[in-house]
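If you're wondering where the values come from, they're calculated on a predicted model, not measured in any experiment.
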Amino acid sequence: MKTVFLEAHNLKNKFSGFGQFNYHLIKALSKQETPGFKMMLNVQDVIGMKAEFGNSFKYKRYQSIQRHKPFRIKKKYNLWHSLNQNIKIEPFFKIPYLLTVHDIHFVTEGSETLQKKLREKFEEKLSRATAIVYISKFAKQDTNSHFNVPNIPEYVIYNGNTITDVSIPETFKLGKPTPDKFLFSIGDFSERKNFKSLVSMLPFLPEYSLVLSGNNSSIYADQLTQLAEDLGVQNRVIQTGKIGDDEKKYYLSKCAAFVFPSHREGFGIPPIEAMRFGKPVFISNNTSLPEIGGEHSFYWDHYEPQYMAGTLKNGMKKYNDQKDFYTQWYIDRAKSFNWDTTAKEYIKVYQTILR
């Protein structure tokens, strides 16, 4: 029996972007038939994974020392799948190797020293790869424009939507009051997510508050607070910090619109999550976002505050004038991104390489 090794230790940070990808892909893979091969998970919480997925997988305990070359995993698996481009755990020997590329933000972010280091690591992965999966057409295009990609099979497999059940437990209670009419966004509090542009447009949208969720223990979060004070909108900007699934569903179900002015996305799951609730989606017209958002999302071409506010007002009017149409279109589009479909596509790639 052949074995596909899934380097999935990012599951230890389940609510990070990579953690969510790892978890939902693995959950979907656990439900699929895999004739001719077995899958092995490299994870930290072996007991927890076994309790959830049972005999769907074999299990190997992740150890951080495996990051160092002399201690790399020496077993020659039939296929090694590196579930994201930043993983430091690598096989000791040259074996069939599938690389999933989510984004190459590192080519423009951070110091030149850090960029150089990450480029070199990524180039090593490319040279090792037998095949590459990209999570969007943009991710494929962006990678090929910045790197000499080997002449190997390349695939585009979209992520699924992480929210399939929109119900909220009857016992759920939000610990703080919610504004009557608010815009919602979620993500890392960083320059790339561009939350400052949302705060800057609030003076032109006096009827709305803004709820921002995510890890706000950062200098950027402090800058957002100061910007809100400078603009006199501090009472209309709410930073919730990290939130759980039920809280996220609550905000998505209650918000007037979802707003996501990101500078750069390899895929962009949050807008799809908002679509599942039928909410109008306002996103940047760049990178992968038009590919994911489709023809009936609303787009910002730039981030001048009054222009952004005008785009939102016009979009909300269109949405409200044809609410039934837009609501159903968003829900259908969200449902088209399905983790079971994603898992089936990955299994096809595994089988192709194993043959």
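Between the Arg276 side chain and the Ile331 main chain, no donor and acceptor come within less than 3.5 Å of each other. Although no hydrogens or angles enter the test, the distance criterion places a donor-acceptor pair under 3.5 Å between the side chain of Asp103 and the main chain of His105. With hydrogens and angles disregarded, no donor-acceptor distance shorter than 3.5 Å links the side chain of Lys137 to the backbone of Glu291. Looking at Asn78, its side chain does come within 3.5 Å of a backbone N or O of Thr3 through a donor-acceptor pair. Formation of a donor-acceptor pair under 3.5 Å by the Arg236 side chain with backbone atoms of Tyr208 is found in this model. A donor-acceptor pair under 3.5 Å is formed between the side chain of Ser127 and the backbone N or O of Glu124. Under the 3.5 Å distance criterion, the side-chain polar atoms of Asn194 are left unmatched by any main-chain donor or acceptor of His263. Side chain of Arg333 to backbone of Ile292: a donor-acceptor contact under 3.5 angstrom is found. Distance alone, capped at 3.5 Å, is enough to place a donor-acceptor pair between the Lys249 side chain and the Asp165 backbone.
A side chain to side chain donor-acceptor pair (under 3.5 Å) with Ser284 is found for exactly one of Tyr299, Tyr303, Trp300, namely Tyr303. Just one residue in the list Tyr319, Phe282, Trp329 forms a ring pair (Phe, Tyr, Trp, His ring centres under 6.0 Å) with His296, and that residue is Trp329. Results of the ring pair (Phe, Tyr, Trp, His ring centres under 6.0 Å) test with His102 over Tyr158, Phe21, Tyr134 single out Phe21 as the only residue that passes. Residue Thr100 is tested with Gln85, His81, Glu7 for a side chain to side chain donor-acceptor pair (under 3.5 Å); the sole match is His81.
Annotation for Phe325: atom CZ counts as buried by contact number, over 12 foreign heavy atoms lying within 6.0 Å. Within a 6.0 Å radius of NZ in Lys196, other residues, nucleotides and ligands contribute more than 12 heavy atoms. In Lys317, the NZ atom is not crowded: 12 or fewer heavy atoms of neighbouring residues, nucleotides or ligands sit closer than 6.0 Å. When the shell of 6.0 Å around NZ of Lys38 is examined, it contains more than 12 heavy atoms from other residues, nucleotides or ligands. At most 12 non-hydrogen atoms from other residues, nucleotides or ligands lie less than 6.0 angstrom from NZ of Lys69. Counting heavy atoms of neighbouring residues, nucleotides and ligands inside a 6.0 Å radius, atom CG of Asp321 exceeds 12 of them. By the neighbour-count criterion of 12 heavy atoms within 6.0 Å, atom CD of Glu112 is sparsely surrounded, having that number or fewer from other residues, nucleotides or ligands. More than 12 heavy atoms of other residues, nucleotides or ligands lie within 6.0 Å of NZ in Lys31, so this atom counts as buried by the packing criterion.
Side-chain atoms of Gln226 and Asp222 include no donor-acceptor pair closer than 3.5 Å. Between the side chains of Glu154 and Asn144, at least one donor-acceptor pair of N or O atoms lies under 3.5 Å.
One finds the OH atom of Tyr59 at 10.5 Å from the CG atom of Asp45 (value rounded to the nearest 0.5 Å). Rounding to the nearest 0.5 Å gives a distance of 12.0 Å between CD1 of Ile347 and OG1 of Thr352. Rounded to the nearest 0.5 angstrom, Tyr97 OH and Arg128 CZ are separated by 6.0 Å. Rounding to the nearest 0.5 Å places CG of Leu227 at 4.5 Å from OG of Ser200. Going from atom CG of Asn286 over to atom NE2 of His302 covers 13.0 Å, rounded to the nearest 0.5 Å. Rounding to the nearest 0.5 Å gives a distance of 11.5 Å between OH of Tyr307 and CG of Leu312.
Within the 4.5 Å cutoff, no side-chain heavy atoms of Thr178 are placed close to those of Phe184. When side chains are defined from C-beta on, Asp142 does not count as touching Thr287, because their heavy atoms never get closer than 4.5 Å. Side-chain contact between Tyr350 and Leu6 is present, with at least one heavy-atom pair separated by less than 4.5 Å. In this structure the side chain of Ile95 never reaches within 4.5 angstrom of the side chain of Phe5, judged on heavy atoms. Considering only heavy atoms from C-beta on, Glu52 comes within 4.5 Å of Tyr23 through its side chain. You'll find the side chain of Ile157 reaches within 4.5 Å of the side chain of Val349, heavy atoms only. Side-chain contact check for Ser185 versus Phe195: some heavy-atom pair is nearer than 4.5 Å. For the pair Glu109/Leu114, no side-chain contact is recorded, criterion being any heavy-atom separation below 4.5 Å from C-beta on.
No path of Ile, Leu, Val, Met, Phe, Trp and Tyr side chains, each step under 4.5 Å between heavy atoms, connects Val166 with Trp339, placing them in separate hydrophobic clusters. Neither Ile104 nor Leu289 shares a network with the other; the hydrophobic side chains, linked directly or stepwise wherever heavy atoms of I, L, V, M, F, W or Y lie under 4.5 Å apart, form separate groups for each. Hydrophobic clustering of Ile, Leu, Val, Met, Phe, Trp and Tyr side chains at less than 4.5 Å, counting indirect connections, keeps Ile269 apart from Phe260. The hydrophobic cluster containing Tyr330 does not contain Phe337, counting ILVMFWY residues as joined when their side-chain heavy atoms lie under 4.5 angstrom apart, directly or transitively. A continuous path of ILVMFWY side-chain contacts below 4.5 Å connects Ile283 to Ile163, so both sit in one hydrophobic cluster.
Under 4.0 Å is where a charged nitrogen must lie from a carboxylate oxygen, and between Lys348 and Glu345 at least one such pair does. Between Glu90 and Lys125 there is a salt bridge, since a side-chain N of the basic residue sits under 4.0 Å from a carboxylate O of the acidic one.
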Worksheet item: Can Lys60 and Gln66 be said to form a side-chain contact (heavy atoms from CB on, under 4.5 Å), step by step?
Response: CA-CA 12 Å; Lys60 183 175 180 61; Gln66 295 165 345; 4.0 Å; yes
Practice prompt. Go through the steps to decide whether Leu224 and Asn216 satisfy the test side-chain contact (heavy atoms from CB on, under 4.5 Å), and finish with yes or no.
Written response: CA-CA 10 Å; Leu224 278 175; Asn216 61 341; over 6 Å; no
Worksheet entry | Check against side-chain contact (heavy atoms from CB on, under 4.5 Å), Glu265 and Lys193 | CA-CA 9 Å; Glu265 292 292 325; Lys193 296 302 183 184; 2.5 Å; yes
Practice prompt. Would you please test Leu25 and Thr342 for side-chain contact (heavy atoms from CB on, under 4.5 Å) and show each step?
Written response: CA-CA 7 Å; Leu25 177 59; Thr342 300; 4.1 Å; yes
Discussion item. Could you go through Tyr326 and Phe298, starting from their C-alpha distance and side-chain angles, then the distance that decides it, and tell me whether this counts as ring-ring contact (aromatic ring centres under 6.0 Å, His included)?
Written reply: CA-CA 11 Å; Tyr326 275 104; Phe298 302 101; 5.7 Å; yes
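For Thr240, the side-chain hydrogen bond (donor to acceptor under 3.5 Å, both in side chains) partners two or more places apart in sequence, or in a different chain, are Ser213.
The minimum heavy-atom distance linking Asp340 with Ala28 is given by the pair OD1-CB, 3.8 Å.
Geometrically, Lys279 does not engage Phe258 in a cation-pi contact, judged by NZ or CZ lying under 6.0 Å from the ring centre and within 45° of the ring axis.
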